[in-house]
S.K.: 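Structure incoming, see below.
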Amino acid sequence: MLKVYNTLSRQKEEFDPVEDDKVRMYVCGLTVQNYSHLGHVRGAINYDVIRKYLRYKGYKVTYISNFTDINEKIIARAELEDMQPMALAYKYTKAFLEDLENLNIEKADHYCKATENIDAIQEMVQTLIDKGFAYETNGNVYFRVEEFEDYGKLSGRNLEEMIAGTRKKVESDKENPLDFALWKKVDESEEIAWDSPWGRGWPGWHIECSAMSLKELGKTFDIHGGGTDLIFPHHENEIAQSEAYSGVKPFVKYWLHNGTVNMSGDKMSKSLGNFYTTRELLEKYTADQLRYFVITKHYRSPIEYSDKEIESTNTSLNKLINTKNSLENVLKGKYDFKDIEKDVGLYEKVKKKKKEFLDAMDDDFNTALATGVLHEIATEINKVINVSNFVLTQQLYNDLKKVYNIYMELVDILGLTLQGEKEENKSDKFNELVNYILELREEARENENWEFADKLRDDLDEMGIKVKDTPRGTEWEIN
RNA sequence: GGCGGCAUAGCCAAGUGGUAAGGCAGAGGACUGCAAAUCCUUCACCGACGGUUCAAAUCCGUCUGCCGCCUCCA
């Protein structure tokens, strides 16, 4: 039974979607004003795994995400880069989609953009005004938070306290300092703006997500995800305007929030400037390495990024890769079967571990625990195939094949490939050549010409080809 | 100041009532011509102080420290 931690109730709840076999989820995307960074990627990886696991559980998952492609930040950045705002938004939208591709993160089923949903947004704003939940003043439209009795239910705040705690007096045309903008008037000189019943302007930040998720997923959908830093005000406001608009509660059944990525003690963010872009990271690390770094921590915990830590998890990941490679080498069938009775019970052990893995995932997507189980499986496999007296029987071969399938099935859920860094460089000719060199080395070893044998190995190593004399014979890989 | 969260070995990190998964680093050993890979062994008085309980890392209280949000943020 799957349990998920719901920010709304602040506890784990049994997952029970609106429709039995379907899951509709919406994940807040980003403002496409710059290249994405690890903070965005962390969330994207978390929800990618969640989506994969839900699908594994048999749900048909609809995954929607968005791009905020018009606001002050985009305009400001466009000026900086001397581009048209729309062109800038396009540039970084494209860049982000490329990043996802390079990270082996599945694309959303549909991405919506604020600028393509102005009509839906305006319709929503107008309805909120008609219902008395919003008011227009001086070309701005604000949501009247006091009209919405549940305001604060997601973030655990109440209006009185918040008003009392308001830091400074904002002189504005709002009735209440906590009222938030649904529609923002913009200066006449602004090239990009839309006409509306309230004057030329832009959508407020929160309204786009409400309008688009309602449009794509309906008045009540299952999962809404985003970073913990979006709980207030963004998601709080989404609830208020969505439920006020539709009259249907709840807007979302399960609110999921992933932790932030910190660096040197502070949240990695564009405004603080302490971030690595995804592109920078991908120059140094593989998609698997970044993903593994992320999923060895629980999705709700904050992560402290450091090069040292990611190097350490890379070593850990290598063990999983090595196990896969060794297993594949065995299954390639170049070993003769010995006709003896020998059941090492590997398959049974791995089946048990698989259940542990799935239990971990059922417990609020505990990928940290699950990867631990994966390591235990790898150790069990290594114990069988990496021994000096390795004997392959038909029965063991069959078991290893089943075990391999389980191993990769679980690895797939996590979205890992366990591909070595440059597997694609292995062409047939290349394989042939390396194997030929290793034959020469084998001859040298038989003649105890260690010097030459080691030279071949060292030279190959320098070219990035690692040679290993395993109990099963010599194997090699690119790294 | 308000709201929320966290504090587990040198480091990272699971674990929410029955005396601590996993990984990195370290130490010792096995295997190897030497390596690499792999395996085995070893490595925690669970921030402090009280309380509840037969039993607490796990529940309650106080304290200390850290983080997020309250302004744009994944």
S.K.: Taking side-chain hydrogen bond (donor to acceptor under 3.5 Å, both in side chains) as the criterion, tell me which of A/Asn46, A/Asn258, A/Asp364 meets it with A/Tyr299.
M.R.: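 One option only clears the test, and that one is A/Asp364.
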S.K.: From C-beta outward on A/Asn262, which listed nucleotide comes closest to its side chain: B/G15, B/G68, B/A36?
M.R.: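 For the A/Asn262 side chain, the nearest candidate turns out to be B/G68.
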S.K.: Using the P atoms only, state how far B/C12 lies from B/A7, rounded to an integer number of Å.
M.R.: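 One P to the other, the span is 12 Å.
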S.K.: For A/Tyr92 together with A/Tyr35, are the ring centres under 6.0 Å from each other?
M.R.: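 Yes, the ring of A/Tyr35 comes within the 6.0 Å limit of the ring of A/Tyr92, centre to centre.
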S.K.: Counting heavy atoms from C-beta on, name the nucleotide in B/A37, B/A14, B/G23 closest to the side chain of A/Lys468.
M.R.: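 In terms of side-chain proximity for A/Lys468, the closest of B/A37, B/A14, B/G23 is B/A37.
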S.K.: If you only use heavy atoms from C-beta on, which nucleotide in B/C31, B/C70, B/C39 is closest to the side chain of A/Lys383?
M.R.: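 Of B/C31, B/C70, B/C39, B/C39 is nearest to the side chain of A/Lys383.
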S.K.: So, is A/Asn322 near the phosphate of B/U38, with a side-chain N or O under 4.0 Å from OP1 or OP2?
M.R.: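 It does, given that an N or O in the side chain of A/Asn322 lies less than 4.0 Å from OP1 or OP2 of B/U38.
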S.K.: Would you indicate what A/His257 reaches in the nucleic acid, counting non-hydrogen atoms under 4.0 angstrom: base, sugar-phosphate, or nothing?
M.R.: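 Result for A/His257 = nothing.
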S.K.: Kindly give the atom pairs (protein nitrogen or oxygen, nucleotide nitrogen or oxygen) under 3.5 Å for nucleotides 16-21 of chain B.
M.R.:
{"unit_1": "B/A21", "atom_1": "O2'", "unit_2": "A/Glu376", "atom_2": "OE2", "d": "2.8"}

S.K.: Pick the P atom in B/A13 and in B/U8, then give their distance to the nearest Å.
M.R.: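 One P to the other, the span is 9 Å.
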S.K.: If each of A/Glu311 and A/Arg300 is mapped to the nucleotide of RNA chain B with the nearest heavy atom, which maps nearer the 5' terminus, i.e. the 5' end?
M.R.: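 Comparing both residues, the 5'-ward one is A/Arg300.
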S.K.: Using the P atom as the point on both nucleotides, what is the distance between B/U16 and B/U52, in whole Å?
M.R.: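 Between the two P atoms, the distance is 25 Å.
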S.K.: Given B/C11, B/C40, B/G5, identify the nucleotide with an atom nearest to the side chain of A/Thr379.
M.R.: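 Closest of the options to the side chain of A/Thr379: B/C40.
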S.K.: Between A/Lys297 and A/Phe293, is NZ or CZ placed under 6.0 angstrom from the six-membered ring centre and within 45° of the ring axis?
M.R.: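 The answer is yes; both the distance and angle limits are met.
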S.K.: With a 4.0 Å cut-off on heavy atoms, is A/Gly39 in touch with a base, just the backbone sugar-phosphate, or nothing at all?
M.R.: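 A/Gly39: base contact, heavy atoms under 4.0 Å.
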S.K.: Would you mind classifying the nucleic acid contact of A/Asn382 as base, sugar-phosphate or nothing, using non-hydrogen atoms under 4.0 angstrom?
M.R.: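 Sugar-phosphate contact only - A/Asn382 comes under 4.0 Å of backbone atoms but never of a base.
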S.K.: Tell me if the side-chain of A/Arg445 makes a donor-acceptor pair with the base of B/G33, cut-off 3.5 Å, by modelled atom types.
M.R.: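 Donor-acceptor pair under 3.5 Å: yes.
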S.K.: Is the distance from the ring center of A/Tyr305 to that of A/Tyr276 below 6.0 Å?
M.R.: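 So the answer is yes for these two rings.
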S.K.: Which part of the nucleic acid, if any, lies within reach of A/Ile231 when heavy atoms closer than 4.0 Å are counted: base, sugar-phosphate only, or nothing?
M.R.: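 No contact.
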S.K.: What nucleotide among B/C24, B/A36, B/U38 has an atom nearest to a side-chain atom of A/Lys466?
M.R.: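 When the side chain of A/Lys466 is considered, B/A36 is the closest of B/C24, B/A36, B/U38.
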S.K.: Which nucleotide in the list B/U38, B/C24, B/C3 gets nearest to the side chain of A/Asn386?
M.R.: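 The closest nucleotide is B/U38.
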S.K.: Counting side-chain heavy atoms from C-beta on, which of B/U38, B/G33, B/C11 comes nearest to A/Trp450?
M.R.: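 Selected nucleotide: B/G33.
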S.K.: Base, sugar-phosphate, or nothing: which does A/Arg77 touch, judged by heavy atoms less than 4.0 Å apart?
M.R.: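 A/Arg77: no heavy atom of the nucleic acid under 4.0 Å.
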S.K.: Just checking A/Val387: base, sugar-phosphate only, or nothing, at a heavy-atom cut-off of under 4.0 Å?
M.R.: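 The answer is nothing, as A/Val387 stays clear of every strand by at least 4.0 Å.
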S.K.: Ignoring backbone atoms, establish whether A/Ser301 has a side-chain N or O less than 4.0 Å from OP1 or OP2 of B/A14.
M.R.: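 Checking A/Ser301 against B/A14: at least one side-chain N or O falls below 4.0 Å of OP1 or OP2.
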S.K.: Measure from the side-chain heavy atoms of A/Thr260 and tell me the nearest of B/G68, B/C24, B/C34.
M.R.: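 The answer is B/G68, which lies nearest to the side chain.
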S.K.: Just to be sure I understand the rule, does A/Arg457 reach a base, reach only the sugar-phosphate, or reach nothing, if contact means heavy atoms closer than 4.0 Å?
M.R.: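 Counting heavy atoms under 4.0 Å across all strands, the contact made by A/Arg457 includes a base.
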S.K.: Between A/Phe221 and A/Phe251, does the ring centre distance come in under 6.0 Å?
M.R.: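 When the ring centroids of A/Phe221 and A/Phe251 are compared, they turn out to be within the sub-6.0 Å range.
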S.K.: Under 4.0 angstrom, heavy atoms only, what part of the nucleic acid is A/Gly29 near: base, sugar-phosphate, or nothing?
M.R.: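 Here A/Gly29 touches the backbone only, sparing every base.
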S.K.: Base, sugar-phosphate, or nothing for A/Gly227, non-hydrogen atoms under 4.0 angstrom?
M.R.: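 A/Gly227: backbone/sugar contact only, no base atoms under 4.0 Å.
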S.K.: Can you tell me if the side-chain N/O atoms of A/His40 get under 4.0 Å from OP1 or OP2 in B/A74?
M.R.: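 Affirmative; the distance criterion is met.
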S.K.: In whole Å, what separates the C1' atom of B/G4 from that of B/C11?
M.R.: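 Pairwise C1' distance, B/G4 against B/C11, rounds to 28 Å.
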S.K.: Let me know, please, whether A/Ser316 or A/Glu380 comes out on the 5' side of the other along RNA chain B by nearest nucleotide.
M.R.: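 Mapping each residue to its closest nucleotide by heavy atoms, the 5'-most match is A/Ser316.
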S.K.: Go through the N and O atoms of the side chain of A/Asn366 and the base of B/G15, and report whether any donor-acceptor pair is under 3.5 Å.
M.R.: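 Side chain to base: no pair below 3.5 Å.
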